[in-house]
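No experiment lies behind these values; they were computed from the predicted model shown.
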Amino acid sequence: MTPTRPHSNLAARMGRWSAAHWKTATFGWLAFVVVAFGLGTAIGVNNVDPNAPGPGESGRMDRILDDGFKQPADESVLVRSRSARAGTPAFDAAVTDVVARVSRVAAVQDVQRGAVAKDGHAALVDFTIRGDKDKAVDKVQPALDAVAAAQAAHPGFTIGEFGYASAQKGVETAYGDDLGKAGALSLPITLIILVLAFGALVAAGIPLLLALTAVLATFGLIALPSHLIPVAFEAPAMVLLIGLAVGVDYSMFYLKRERQERASGKSPEAALEAAAATSGRSVLISGVTVMGAMAGMFLTGDQIFASLGFATILVVAVAVLGSLTVLPALLSRLGDNVDRLRVPFIGRHRRDDGQGRFWGAIVDRVLRRPGLSAALSAGVLVALALPALGLRLAPQGAESFPQSLTVIKTYHEMQKAFPGKALPANVIVKAASVRTPAARSAIAELKRRALASGRAFEPITVAVNRSGTVANVTVPIAGNGTDTASNDAFRALRESIVPETVGALPGAEAGVTGRTAAWKDAAAALKSNLAPVIAFVLLFAFALMLVAFRSIVVATKAIVLNLLSVAAAYGVLVLVFQHGVGKSLLGASSADGIETVVPLLLFVILFGLSMDYHVFILSRIRENFDNGETMDDAVAHGIKSTAGVVTSAAIVMVCVFAVFGALSMPFFKQFGVGLAAAVLIDATIVRGVLLPATMKLLGTWNWYLPSWLEWLPRLEPEARPTVPAQPAAG
């Protein structure tokens, strides 16, 4: 056997240390997971306040409102009947019962009968939740229970609650239910795929256990800084989604390479050393790429994006740490016992060399006709991407949540009976005094012009703070808060009615806030920050690939291929969620368009995740080329030898992401479908056809590095056989 020098890269050193200290590495990992999860559970997670002031004019007005008023959380109970009218004994009895029940709830105050609908078939009972508005969601459940009891006592009526706290409570419940469903579905699916990939229960269980422990540790770790960086409600699902996918992928890359090296005749120690230096190095580069791409989320200036970026960076970092430490520790201890508990038939037919007949046949044909293969595969990607040109953002409103939620059903009923009541516009006026005759006259003119526009409804109410410096004019507007009617009403208020009435008061500050205004301002802020985020992700990925492979061609091509796969995923999203292609298979969703946060989130995550396969495959190709193979042989052997693990890893990712497409929240549906489509496209068309075709066409130019870039730092070399005739690296 040819002697080799010890591997010197970081991943190799970590693997070597972990193998020599397997007890410390293994039990240290378990202790880390237990302590992290325990601390996080004890401390608790501080979530992002979805109603916190945002950017733009609406954010400024919300801050003025918060400073001027000690606002409790407002809640309303809708009492509606198809037959009975307000004033009849049955209707009045139902309203009285609601008032009595909610009044007995300790956290409820200021209970009063509210407005009656024009048709007389609906009425409101209004109240507030005692104490801090931000804590109201934790106190609202007894009120919801009281309203549910009233509904049970009056089956002929529709009785439901909607307000600040009840809406947030309903959304939190939906997110929690979706997270539980995702875990229950994704874990057995992942285990089945791993059993098929490895043919043995022990080998299949290791990647899943490592991924799960990484996810559990991250659940605990995100609680610690959440009191400085509040965590979005979507973050736990993102941690499960990304953590399970990358944790399994990284472990598979490492474990598969170790098994291949053993199958080639190396000793257990040498096989583990080779896997650590090659696949371990690829895992490290891939993980850094994902984390760097996710860091671009901080440039959005948005609290939700920042928290999602932080949570994803954390789970990827933990997954990388586990793959480079506890995995080699376990493999060093288990040795060939990792193939214990073989599954009948599957275990006998598993190929330890990693080469797949299917992809082997495809790669052979691609390399025979690289020009035609590149043109056809690029054409397919462009065709898939074309629908993305019509991508339309859907603002987050009631349609962004499962329509089966009780609170959403109540919202729609309230909109029918009291248009604009549930999600009104708020005109905020700040002045030395809003009680002066001039201020009162301006507010009256505001009300008159709003009603005259036909886009606002009674009752328009005015609340003034105790010091008389801030007025909150609540204006029920047409539409559902995010549709065309609401947008038209918002524009009329912000562009003409407010500036020409209360905005014209000397020394006064006036503006419009509310759901519609907040979404418009948030979308404008996100659009303005889009270019820096995209530029950061592209430059970071380019720089990392340039340093990792010391090739400007490889780095440039990686960016181009990733952009093609992301664009194709966008096209699939538009086809499904805007044009309805296969949408019914995912369950009913009323959101007509792509959720605002999805495109940018997909871009950042996909750019990171797609590097997994790219780095893994290119590392093997470069390794073969440096060991003396021709470019054609290096490409063919590199892709064929990684085809099995890449296919298995891709199937895991696609299935995990597809589970999210089956959840109730439209955000999860779109995010899951987009990720699943992108990974499927990336692992087949891009890595299986377009990558080998372009590498064949470019030949040794693949490794071209201009002389003016020779100053770039060189990553630590991997081990090479110490034989004088060994060819130099290309």
Side-chain angles (χ1 to χ4, degrees), residues 1-30 194-195 197-211 247-284 320-343 346-355 616 619-620 623-624 627 637 641-642 644-645 648-649 716-723:
M1 181 179 293
T2 303
T4 61
R5 298 194 306 269
H7 298 269
S8 60
N9 64 46
L10 177 61
R13 293 198 301 271
M14 292 178 71
R16 193 159 49 241
W17 182 92
S18 298
H21 306 83
W22 75 269
K23 286 185 179 180
T24 302
T26 303
F27 292 105
W29 173 261
L30 293 175
L194 289 172
V195 169
F198 289 103
L201 293 178
V202 173
I206 289 175
L208 184 58
L209 287 174
L210 280 178
V248 168
D249 270 17
Y250 294 161
S251 300
M252 287 183 70
F253 292 163
Y254 207 114
L255 183 53
K256 274 284 190 178
R257 182 60 186 262
E258 193 270 345
R259 292 291 83 196
Q260 289 174 20
E261 296 294 339
R262 279 294 286 140
S264 70
K266 288 185 177 179
S267 68
E269 294 78 11
L272 184 57
E273 176 90 3
T278 53
S279 290
R281 179 175 178 272
S282 298
V283 165
L284 186 59
V320 170
L321 178 64
S323 298
L324 298 183
T325 57
V326 70
L327 180 57
L330 290 174
L331 292 179
S332 69
R333 180 62 178 171
L334 289 171
D336 290 336
N337 287 328
V338 75
D339 284 329
R340 293 286 298 274
L341 302 179
R342 287 181 176 267
V343 179
I346 296 174
R348 292 196 302 272
H349 288 76
R350 181 175 58 84
R351 293 170 61 100
D352 285 319
D353 60 6
Q355 296 196 20
F616 187 62
S619 295
R620 183 62 71 90
E623 180 186 343
N624 294 341
N627 286 334
H637 295 162
S641 62
T642 57
V645 65
S648 300
E716 295 167 297
E718 299 186 19
R720 306 252 177 83
T722 55
V723 180

Taking S18 for its side chain and A329 for its backbone only, find out whether a donor-acceptor pair lies under 3.5 Å. no
Just to verify, what does W22 make a ring-ring contact (aromatic ring centres under 6.0 Å, His included) with, not counting sequence neighbours? none
Nearest 0.5 Å, please: how far is CG in L327 from CG in L209? 11.5 Å
To the nearest 0.5 Å, how far apart are CE in M252 and CG in L194? 5.5 Å
Rounded to the nearest 0.5 Å, the CD atom of E273 sits from the CZ atom of R13 at a distance of 11.5 Å
State, with a plain yes or no, whether a side-chain heavy atom of P207 is found less than 4.5 Å away from one of Y250. no
In this structure, OG of S332 is separated from CD of E258 (nearest 0.5 Å) by 9.5 Å
Is R262 reaching over with its side chain to a backbone N or O of K266, donor-acceptor style, under 3.5 angstrom? yes
If the condition is side chain to side chain contact (heavy atoms under 4.5 Å, CB included), which residues does L201 pass it with, not counting sequence neighbours? V195, L341, V343
Are any of the side-chain heavy atoms of T24 and W17 separated by less than 4.5 Å? yes
By side chain to side chain donor-acceptor pair (under 3.5 Å), which residues pair with S282, not counting sequence neighbours? S619
Give, for atom CG of N337 and atom CG of L330, the distance between the pair rounded to the nearest 0.5 Å. 12.5 Å
Here the pair of heavy atoms bringing Y254 nearest to A276 is OH-CB, 3.0 Å
Say you draw a straight line from CG of L334 to CG of L272; how long is it, rounded to the nearest 0.5 Å? 11.0 Å
R620 vs T278 side-chain heavy atoms within contact, under 4.5 Å: no
With side-chain contact (heavy atoms from CB on, under 4.5 Å) as the test, would you mind laying out the steps for D249 and F616 before giving the verdict? CA-CA 11 Å; D249 270 17; F616 187 62; over 6 Å; no
Would you say V326 and L321 make side-chain contact, with heavy atoms under 4.5 Å? no
For V248 and L210, what are the C-alpha separation, side-chain angles and deciding distance, and is it a side-chain contact (heavy atoms from CB on, under 4.5 Å)? CA-CA 7 Å; V248 168; L210 280 178; over 6 Å; no
Under a 4.0 Å threshold between the charged nitrogen and the carboxylate oxygen, would E261 count as salt-bridged to R257? yes
